[in-house]
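Here is the structure we will look at, set down as structure tokens.
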Amino acid sequence: MGEGSTNFHWMYQIKESNSELVTQHYLGMTYENRPMYYLKISQPSNKAKKIIWMDCGLHAREWISPAFCQWFMKEILQNYKTDPKIKSFLQNLDVYILPVLNIDGYIYSWTTERLWRKSRSALINSTCFGTDLNRNFNGSWGSIGVSHNCSSLTFCGTGPESEPETKAVARFIEKRKSDVLCFLTVHSYGHNHQDLVRQQNHAPCQRKGLRLHELYFLSFSNVQLEAAEKAAVALKEKHGTNFTVGPTSLVLYKNSGSWWDWAHMIGIPFFYTFELRDKGAYGFILPPDQIQPTCEETTSAVMTITEYVNQKYFPNSAVAVTSGSLWL
Amino acid sequence: MQRRSAARLSPLLLLLLLLLPLAWGAGPWPPRADRELQVSSRLAGQAARVALHYLNYRLGSPSALRALGQVRKATVKPIPGIGHKYYLQFTTEDYKSSQNVGTCLATVLYLKRKPRPAVNINCTYTKDQKQTREDDYSFYKKLRQQTKPITGNDTPDSYGHIEPALEPAWALAVAGSSYLMWEKSTENLGYFMAQVKNVKQWITKDDSIDFDYLVILHEIPTQEMISCHLRVIWTPGHPLKVKYFCLSENQRSESGEGSGTESGSTNGIFNEEEANF
């Protein structure tokens with residue numbers, strides 16, 4: 001239970017010490033009856049805001065992912081009063097962060113099996129556990145790149161959104177889809193990706209998602225590419241890490257029922273999957289000295305994307321910031 | 001019909017046609033009519049890693065383990081009835097420090113009938129080779145001096161720590177697992193060594209270092225974790241001896257044995273200079 005309660009404790013503290021900016025909201029319950037909360041970072045104002053959504057910890061063993069969500073929150077909260085770019089985007093955008101989507105699985109990876117991936121739902125008289133939440137969404141569910149065998153690590157569940165975690169986040173985003181401009185989901189590690197070969201039969205123009213990781217590239221929408229490329233540049237500037245931009249368009253076919261494909265399906269304009277360090281030498285069990293650099297570089301990337309979205313949808317406020325700095 | 005066509009061909013074209021078989025068989029770099037892959041394509045990365053598994057195994061040097069940096073060029077040539085041959089150029093990184101340590105040219109032939117890909121690989125290496133030999137030798141000396149066998153669990157542990165005393169054992173596990181991962185790799189299934197679950201040293205009466213491991217491999221794209229028993233016998237300057245036995249979820253078991261006599265080639269074997277060990 002250690003890590004689960006530490007996470008909740010952290011969320012509580014963050015909310016308490018930044019109550020003018022941060023509120024905690026209930027999403028639903030996990031299979032093992034743990035409450036799922038997201039944190040909403042919102043600058044109080046009369047203005048209706050648009051939403052940037054980011055979630056971490058969909059796959060239990062990818063520990064660098066929840067670590068990053070926490071780090072990113074800390075970055076915003078430490079700097080929102082002084083950083084002009086953060087101030088600018090918070091005028092127009094609320095940032096919703098779900099630090100751990102798969103709470104049951106995450107806790108299980110701390111207490112019992114470090115390399116656990118799935119949720120902890122029980123099937124067949126509790127002889128078989130866990131659904132791969134990233135195969136459980138309602139986008140071409142159960143077609144390709146999944147297993148219908150519950151003991152498999154890519155088990156897609158008994159039906160689309162069969163899992164309470166999936167249902168909770170999907171229902172939430174669905175309700176707000178007209179306000180969600182940008183959707184980010186954070187994974188690891190950089191070589192943990194899907195089969196490219198089967199995608200070649202499908203028209204890439206149907207897909208628009210982008211995947212930031214150290215791998216592949218294909219055709220996709222110009223603005224998403226532009227934002228992602230800027231993000232990759234910003235990321236590299238931190239510690240020299242090379243991130244390549246590639247389309248999740250490919251991922252659908254190997255990876256039906258994934259979170260990002262569903263987000264695309266319901267029409268969210270910008271969506272990205274991040275695959276953080278490393279490239280496989282240590283994989284899921286990243287050495288501790290790489291945690292901070294990974295968080296720093298990824299923060300640069302996410303900030304860049306957020307600024308890009310802000311400038312694209314709210315050009316006036318962006319101009320205001322630029323003009324302001326010219327007169328200093 | 002053919003003779004008539006040949007008679008009409010220009011001398012230049014005829015010359016090209018005559019030269020074509022030479023280019024096909026002996027050419028060092030990909031013959032024509034191959035498919036060029038995106039350097040960031042999964043298949044290219046996968047093939048490059050297979051080549052590196054082979055290299056890490058054949059070198060059998062815990063201080064000189066290499067990981068994939070970036071693929072610079074990749075082409076694949078289908079060989080009807082045989083398989084697919086990849087031609088690759090890629091950079092490499094030191095496994096532990098991620099520093100760039102050179103570039104490799106490699107071919108990887110995935111055969112339809114035999115399970116193990118055929119690899120040819122040649123690399124530049126920018127690390128000081130004298131230094132890596134010395135590092136290997138200090139590992140070796142430390143391990144030879146053990147009166148009590150080294151044992152350990154979960155290396156790295158859940159938080160990514162590797163106990164300094166277990167570093168050499170972990171590095172040998174990577175080298176030994178490389179053999180296993182090379183054997184198991186197919187065009188579509190790739191592997192990484194995720195964790196050493198268990199390590200136990202056997203104290204030997206001869207010059208060798210002998211370890212028993214339980215390693216966990218991460219299989220992509222299935223995401224499965226495969227448990228394998230691994231036995232690694234190391235004498236610096238000699239080919240690594242590896243035996244393995246893997247169990248998967250559906251009770252399929254696979255085993256194999258390697259002793260450095262497998263076919264394939266690399267320029268990176270430092271043999272003669274090890275005599276002073």
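Numbered from 1 within each chain, the chains take letters A, B, ... in sequence-line order. Bear in mind the structure is a predicted one, so any value in this text is a computation, not a measurement.
Heavy-atom distances place no part of B:Q46 under 4.5 Å from chain A, backbone and side chain included. Residue B:I216 touches chain A through its side chain alone, counting heavy-atom pairs closer than 4.5 Å.
Of the listed residues A:S147, A:S109, A:A281, A:P287, the one with more heavy-atom pairs under 4.5 angstrom with chain B than any other is A:A281. Contact count against chain A (heavy-atom pairs under 4.5 Å) is highest for B:S158 among B:S158, B:A67, B:G160. Chain B forms the most heavy-atom pairs under 4.5 Å with one residue out of A:L115, A:T154, A:L286, and that residue is A:L115.
The 12-atom threshold is exceeded at NZ of A:K74, counting heavy atoms of other residues, nucleotides or ligands nearer than 6.0 Å.
Ion pairing of B:R116 with B:E183 is present here, as a side-chain N (NZ or NE/NH1/NH2) and a carboxylate O approach within less than 4.0 Å. B:K197 has a carboxylate O that lies under 4.0 Å from a charged side-chain N of B:D154, or vice versa, which qualifies the two as a salt bridge. The pair A:E113-A:R61 does not count as a salt bridge, with every side-chain nitrogen at least 4.0 angstrom from each carboxylate oxygen.
When all heavy atoms of B:I226 and B:L247 are compared, the pair lying nearest together is CG2-O, 3.9 Å.
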